[in-house]
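Hydrogens, waters and symmetry mates are skipped; everything else that's a heavy atom, side chains included, is used. Read the numbers this way: they start at 1 and go in the same order the structure lists the ligands and their atoms.
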Amino acid sequence: MKAEVGGMEPLDLRTAVVRLAADGRVVHANTAAQHLLLGASPEGALIEDLLGRAEKLGKIASGTAGQIVRALASGNADATECFKLLDGSSILMVAGPVAGGTLVEWSDITPYVEAMRAQERDPLTGLLARPAMLREIAAMVQSGEPAALLYIGLDRFTSVNNMLGHMAGDKLLQKVSGRIVGLVPADAVMARVGGDEFAVLLRADSEAATAMAGRLLEMVARPFLIDGQSAHVGTSIGLAHLDPADPPENQLRNARLALLKAKADGGDAIQVFTDAMREELEQARLLEIDLRQALVLREFSLAYQPQYEIDGRRLIGFEALLRWHHPKRGPVSPAHFIPLAEELGLIVPIGEWVIRAACKAAAEWPLPLSISVNISPLQFRSPNIVAIVTSALKNSGLDPSRLELEVTEGALLLDSEPVMNIFRQLKALGLRFAMDDFGTGYSSLSYLQQFPFDKIKIDQSFVRNLPASPDGIAIVRAVSALGSSLGLSIIAEGVETEEQLASIRQNGCKQVQGYLTGRPLAPDMAEALIASAATAGEGKAS
Ligand code: C2E
Ligand code: CA
Ligand code: CA
């Protein structure tokens with residue numbers, strides 16, 4: 001016998017069937033029914049007596065027999081009732097009229113009930129799970145009462161988890177949830193909405209919600225005792241007042257965004273979701289829509305920033321820098337839209353356009369100068385990067401030795417055979433690699449050891465404070481020495497003053513790129529610069 005519940009897959013249940021006469025006496029009971037509640041050979045006995053006996057025998061909780069009998073006697077054409085056996089099983093009863101009496105079916109729906117419960121509750125803390133929380137938020141919004149959502153995140157959970165182990169981590173989460181439950185009012189709804197994230201839905205005005213957030217922050221900050229050890233985690237809380245205009249997902253997202261802001265500001269803090277944050281979200285959403293169309297609408301272009309040999313100020317090449325000119329917004333800074341393009345995965349097609357456009361432009365320059373193209377981490381790991389570069393070189397006719405790819409250490413992975421392979425395949429095409437933003441990562445040197453770079457770009461941050469900064473000088477000197485011993489070229493970025501230029505030169509750096517020697521130029525300006533370099537007889541030897 002199979003029962004279909006709420007459109008789910010039919011469950012295989014051990015269904016008990018009982019046929020009753022109009023006076024409530026058992027006409028027939030199958031073995032499952034006898035086993036479940038009625039006992040052997042129940043025919044002829046009154047159902048209420050049999051159930052009463054089952055209750056006395058401890059098969060069902062006291063009161064359950066009455067509940068079943070009332071449902072059967074209710075006279076409803078189809079009576080359904082759920083009850084539990086004392087062994088924990090959940091039984092669904094369906095009873096309907098048949099000729100001369102009633103047919104009763106009892107089905108064990110325990111697996112179904114457990115599956116439902118698993119969706120509703122977080123097994124570790126017993127708190128509601130996310131979908132249930134979303135329903136609660138929807139109901140609260142409907143009720144129209146002022147309410148707030150607190151999104152609670154633990155600040156140092158991962159380190160506690162790593163130090164004390166996962167079991168201890170689980171206990172800690174249980175204890176945190178226990179403290180929160182102990183503090184919030186009885187009608188608050190609590191959920192575990194992430195690994196170390198909890199949400200509390202409060203019926204409260206802004207003042208009460210802020211006060212509650214403050215108390216929670218203080219309570220969770222107190223040390224926990226776990227397996228005899230003291231553990232300390234901080235908390236940050238994002239607070240969002242429910243806004244009837246927002247769907248439940250967004251309410252939760254708003255509160256979480258406020259939490260992330262609180263964490264970014266250093267943690268152990270409460271941050272309220274503000275109109276300014278909402279505006280920022282809206283702007284990001286609009287920017288995303290525009291960015292998705294920018295490629296097809298041909299709103300991108302490249303600017304070319306010249307690079308020079310310091311001695312003799314000989315032009316050696318250009319870095320291609322992406323520009324987005326939006327018809328209404330005007331120029332949008334790459335520092336603004338490239339991170340978004342990376343987040344959305346759009347950097348892969350946009351980056352492909354950059355590679356092709358840069359190769360094509362450089363192939364038409366009157367001098368065989370080098371062209372540097374920035375490759376973002378996501379692009380570097382996309383499977384067809386080698387094919388794209390190969391085809392860009394072939395279509396443009398650019399000599400591969402003129403192409404230089406700029407990658408940051410973030411694009412690479414140490415000890416990763418697949419990444420190493422891509423690097424090797426690209427180098428085998430005959431192009432060169434420059435390590436961008438050198439010194440800003442954690443292990444620039446290790447990357448240099450593993451990957452055969454041709455050039456190092458000293459990051460602007462080291463150049464900015466020259467010639468005064470001893471650190472800056474030390475870096476330029478060390479990197480230049482490293483470069484000459486490894487046979488790599490060294491270029492300093494972001495050089496803006498003659499003093500900075502003199503300083504990098506003094507400390508061994510031979511190439512320069514910066515506002516002092518040339519800002520990024522529109523294509524025709526770059527071509528004009530190359531043409532004048534050509535007449536001056538430069539750029540022939542490289
Ligand atoms: P980056 O690769 O470090 O590029 C150098 C940035 O420094 C450029 O900013 C350039 O205009 C700026 N700059 C050059 N000289 C000076 C100077 O003397 N002083 C100062 N203050 N700045 C200088 P831009 O064009 O705004 O690009 C910013 C970043 O956006 C780039 O940093 C790069 O990471 C990224 N980017 C630009 N174009 C592309 C691209 O086509 N693909 C990818 N993946 N990223 C790109
Ligand atoms: Ca660069
Ligand atoms: Ca750079």
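- When distances from atom 9 (O) of ligand 1 to the protein are checked, no heavy atom turns up under 4.0 Å.
- Heavy-atom separations between R323 and ligand 1 include at least one value shorter than 4.0 Å.
- Heavy atoms of G494 approach ligand 1 to within less than 4.0 angstrom.
- Here the options are Q307, Q305, K457, the test is side-chain hydrogen bond (donor to acceptor under 3.5 Å, both in side chains), and the partner is E319; only K457 passes.
- Put simply, the side chain of K455 never gets that close to the backbone of D436: no donor and acceptor are under 3.5 Å apart.
- When heavy-atom distances to ligand 1 are checked against a 4.0 Å cut-off, I350 has no atom that comes that close, whether in backbone or side chain.
- Under the 3.5 Å distance criterion, the side-chain polar atoms of R477 are left unmatched by any main-chain donor or acceptor of G508.
- In this structure, K261 contributes its side chain and Q271 its backbone to no donor-acceptor pair below 3.5 Å.
- For E319, the heavy-atom gap to ligand 1 drops under 4.0 angstrom.
- With respect to the salt-bridge test (charged N to carboxylate O, under 4.0 angstrom), the residues E352 and R356 qualify.
- Note on the Ca ion (ligand 2): protein N, O or S atoms under 3.0 Å away count 4, no waters included.
- Between F433 and F423, the ring planes lie parallel to each other; the angle is under 30°, not in the 30° to 60° tilted range.
- With no hydrogens or angles considered, a side-chain donor-acceptor pair links D399 and S401 at under 3.5 Å.
- The nearest heavy-atom contact from the protein to atom 44 (N) of ligand 1 is S376 CB, 3.5 Å.
- Residue G351 places every heavy atom at 4.0 Å or more from ligand 1.
- In terms of protein heavy-atom proximity, atom 11 (O) of ligand 1 is nearest to P520 CG, 3.5 Å.
- A cation-pi contact, defined as under 6.0 Å to the ring centre and within 45° of the axis, links R179 to F224.
- Ring pair F300/F337 is tilted by interplanar angle, where 30° to 60° counts as tilted.
- A distance of 6.0 Å separates CZ in R329 from CH2 in W324, rounded to the nearest 0.5 Å.
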